[in-house]
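Presented below is the structure to which this report refers.
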Protein chains: 2
Amino acid sequence: MPRDIDRRAARTRKALHQALLTLMLRKGYEALSVQDIIDEADVGRSTFYAHYTGKEDLLRSGFQMLRGELEEAQSTARAGAEASHDDPLGFSTAMFEHAARYADHYRTMIGGRGGAVTENEIRLILSEMVRQELPPTLYGDAIPRDFVVQFIADAFLTALNWWFERKPRLLPSQVDAMFRRLVLGGLSQLIGDERRQIDRPAANRDTD
Amino acid sequence: MPRDIDRRAARTRKALHQALLTLMLRKGYEALSVQDIIDEADVGRSTFYAHYTGKEDLLRSGFQMLRGELEEAQSTARAGAEASHDDPLGFSTAMFEHAARYADHYRTMIGGRGGAVTENEIRLILSEMVRQELPPTLYGDAIPRDFVVQFIADAFLTALNWWFERKPRLLPSQVDAMFRRLVLGGLSQLIGDERRQIDRPAANRDTD
DNA sequence: ATGATAATGGACAGCTTGTTCGGGATTTTC
DNA sequence: GAAAATCCCGAACAAGCTGTCCATTATCAT
């Protein structure tokens with residue numbers, strides 16, 4: 001029996017992934033049928049179902065690959081770097097660079113093209129990254145920690161979306177700088193010095 | 001010919017909207033078929049197509065109603081209030097209260113239940129609101145204005161999502177306070193006093 | 001080369017979609 | 001109240017997609 005995966009199988013899977021990528025960029029995930037995918041990939045119907053249980057399975061498979069890539073990039077980029085908790089947004093630099101490298105893949109996931117599955121997956125991954133870097137104790141207890149985590153993760157997605165849709169020629173480092181400054185410093189730094197002192201509302205004692 | 005809409009037609013449309021609402025809360029928009037909707041609404045197949053061209057048409061129709069409600073609420077809530085540019089997040093208070101009032105409707109739109117159509121529509125509406133309130137000139141030019149607009153709009157959606165999914169018993173005013181503090185003051189206020197001074201990166205001169 | 005193994009393509013029934021039609025019920029108008 | 005207009009309903013239709021089956025073909029190990 002063959003130790004490695006059969007070359008034919010590898011070729012088929014690559015063709016299917018490529019077809020999914022192409023079609024998602026063109027029509028979006030939800031509007032896609034299995035028929036479209038196998039037509040684009042030039043693959044038989046039963047062949048598709050021999051490899052994947054449906055289009056969602058194919059989608060998740062591709063997502064896993066990208067996730068593996070990402071985790072590797074994260075760990076190498078931050079191997080000898082400063083320890084965590086030093087920079088609460090430490091994930092962002094490597095992440096923006098990874099997005100630039102796999103621009104087509106990331107493009108399928110944003111702007112509503114990815115469907116609910118992709119959206120949820122990427123938000124989960126990001127939330128987990130942020131959670132590991134955010135200091136366990138926040139100043140005061142006025143804002144719950146998981147709220148802050150979601151805030152950061154979604155802000156990153158916003159930056160990514162804006163980057164690809166509006167200014168795709170920017171360098172990853174440039175977008176990263178804007179992202180960090182806005183999330184760290186907030187809006188008050190941008191709207192004039194006289195409002196620099198934000199009002200500090202009393203911490204709500206009875207938050208459910 | 002009847003001056004007003006026929007009562008039967010109004011009843012049918014109301015039943016269809018209610019069915020869509022119920023089913024979206026249960027299964028999400030994308031997983032819904034026209035068959036599901038007319039079964040839930042107890043309406044004939046041809047009747048449905050006599051009123052709407054498909055499920056997306058029905059969705060947009062309901063969305064228009066809610067939008068009308070919202071714009072009315074916004075204008076009345078801020079009739080005699082302070083003029084714009086005074087508070088860059090002036091929309092949020094009335095918006096959170098509107099969301100509390102129409103909780104079921106808003107719940108269908110967040111958490112991936114609403115599908116790409118809803119997501120895009122609500123982001124457009126929010127962006128427009130924010131754009132009108134944000135001062136035309138931002139401190140420095142390091143961060144493009146439309147990036148800031150998207151940042152605020154998406155942060156609001158994050159807050160709304162977190163509110164409904166995690167702490168639905170909070171009052172609108174409480175969520176509003178957290179939202180404003182986080183967006184205005186940023187992350188640096190939460191992670192210890194020694195990092196209160198954020199580093200100010202030099203404005204990028206060549207942003208494309 | 002040759003048998004074993006695995007991928008392939010096309011055909012199949014079952015289901016959903018969107019449309020059309022005539023009979024029957026309800027509302028509006030007079 | 002009765003007539004006329006309008007709307008709802010149910011059935012039936014072609015078209016498309018889905019998931020499964022099996023005989024055929026191409027690739028692998030010896």
Side-chain angles (χ1 to χ4, degrees), chain A residues 1-62 64-65 108 113-118, chain B residues 1-24 26-63 65 113-118:
Chain A
M1 64 194 78
R3 284 220 308 277
D4 295 326
I5 309 278
D6 201 306
R7 257 183 271 166
R8 293 169 291 180
R11 213 165 55 86
T12 299
R13 293 188 190 189
K14 188 171 292 187
L16 286 173
H17 277 124
Q18 183 58 47
L20 181 66
L21 193 65
T22 303
L23 291 178
M24 278 180 74
L25 285 172
R26 195 187 305 156
K27 301 173 55 180
Y29 173 74
E30 301 286 356
L32 241 59
S33 70
V34 175
Q35 192 68 43
D36 295 330
I37 300 173
I38 64 179
D39 284 351
E40 174 76 24
D42 210 31
V43 156
R45 176 161 215 74
S46 59
T47 305
F48 177 90
Y49 286 105
H51 289 277
Y52 306 100
T53 68
K55 68 170 181 167
E56 179 170 331
D57 192 24
L58 175 62
L59 176 69
R60 288 188 190 275
S61 163
Q64 293 299 329
M65 290 187 196
T108 63
R113 276 186 283 265
V117 174
T118 306
Chain B
M1 63 194 77
R3 283 220 307 275
D4 296 327
I5 309 281
D6 199 305
R7 253 184 271 169
R8 290 170 292 181
R11 215 162 53 87
T12 298
R13 294 188 188 187
K14 187 171 293 187
L16 286 175
H17 277 123
Q18 181 59 45
L20 180 66
L21 192 66
T22 303
L23 291 178
M24 279 179 73
R26 195 187 305 157
K27 302 173 54 180
Y29 173 75
E30 301 286 355
L32 240 59
S33 70
V34 174
Q35 192 68 44
D36 295 330
I37 300 173
I38 64 180
D39 284 350
E40 173 76 24
D42 210 31
V43 158
R45 178 165 211 72
S46 54
T47 304
F48 176 91
Y49 286 105
H51 288 276
Y52 304 101
T53 68
K55 67 169 181 168
E56 178 170 333
D57 192 24
L58 174 61
L59 176 69
R60 287 187 191 275
S61 164
F63 205 83
M65 289 186 196
R113 276 187 284 265
V117 174
T118 307

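Order of the sequence lines sets the chain letters (A, B, ...), proteins ahead of strands, with each chain counted from 1.
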What is the distance, to the nearest angstrom, from the [atom1] atom on [X] to the [atom2] atom on [N]?
X       : N      : atom1 : atom2 : result
B:Tyr49 : C:dT17 : OH    : C1'   : 5 Å
B:Arg7  : C:dA25 : CZ    : C1'   : 15 Å
A:Phe48 : C:dG10 : CZ    : C1'   : 17 Å
A:Arg13 : C:dT8  : CZ    : P     : 10 Å
B:Arg45 : D:dC8  : CZ    : P     : 16 Å
B:Lys55 : C:dT16 : NZ    : P     : 14 Å
A:Ile38 : D:dG19 : CD1   : P     : 11 Å
B:Gln35 : D:dG10 : CD    : P     : 12 Å

Phosphate OP1/OP2 of D:dC7 contacted by B:His51 side-chain N/O (<4.0 Å):
no
Which residue lies toward the 5' end of DNA chain C, A:Ser46 or B:Gly54, if each is placed at its nearest nucleotide?
A:Ser46
Evaluate the side-chain proximity of B:Leu21 to B:Met24: yes if any heavy-atom separation is below 4.5 Å, no if none is.
no
Inter-residue atom distance [X].[atom1] - [Y].[atom2], 0.5 Å rounding:
X       : Y       : atom1 : atom2 : result
A:Leu16 : A:Asp42 : CG    : CG    : 10.5 Å
A:Leu58 : A:His51 : CG    : NE2   : 11.0 Å
B:Gln18 : B:Lys14 : CD    : NZ    : 10.0 Å

Closest nucleotide among D:dC17, D:dC9, D:dT6 to the B:Arg8 side chain:
D:dT6
Let me spell it out: for each of A:Arg11 and A:Asp36, pick the nucleotide of DNA chain D with the closest heavy atom. Which residue's pick is nearer the 5' end?
A:Asp36
Students often get this wrong, so: under 4.0 angstrom with heavy atoms, is [X] touching a base, only sugar-phosphate, or nothing?
X       : value
A:Ser33 : sugar-phosphate
A:Thr12 : sugar-phosphate
B:Thr47 : base

Give the intermediate values and the outcome of side chain to side chain contact (heavy atoms under 4.5 Å, CB included) for residues B:Leu20 and B:Leu32.
CA-CA 9 Å; B:Leu20 180 66; B:Leu32 240 59; 3.8 Å; yes
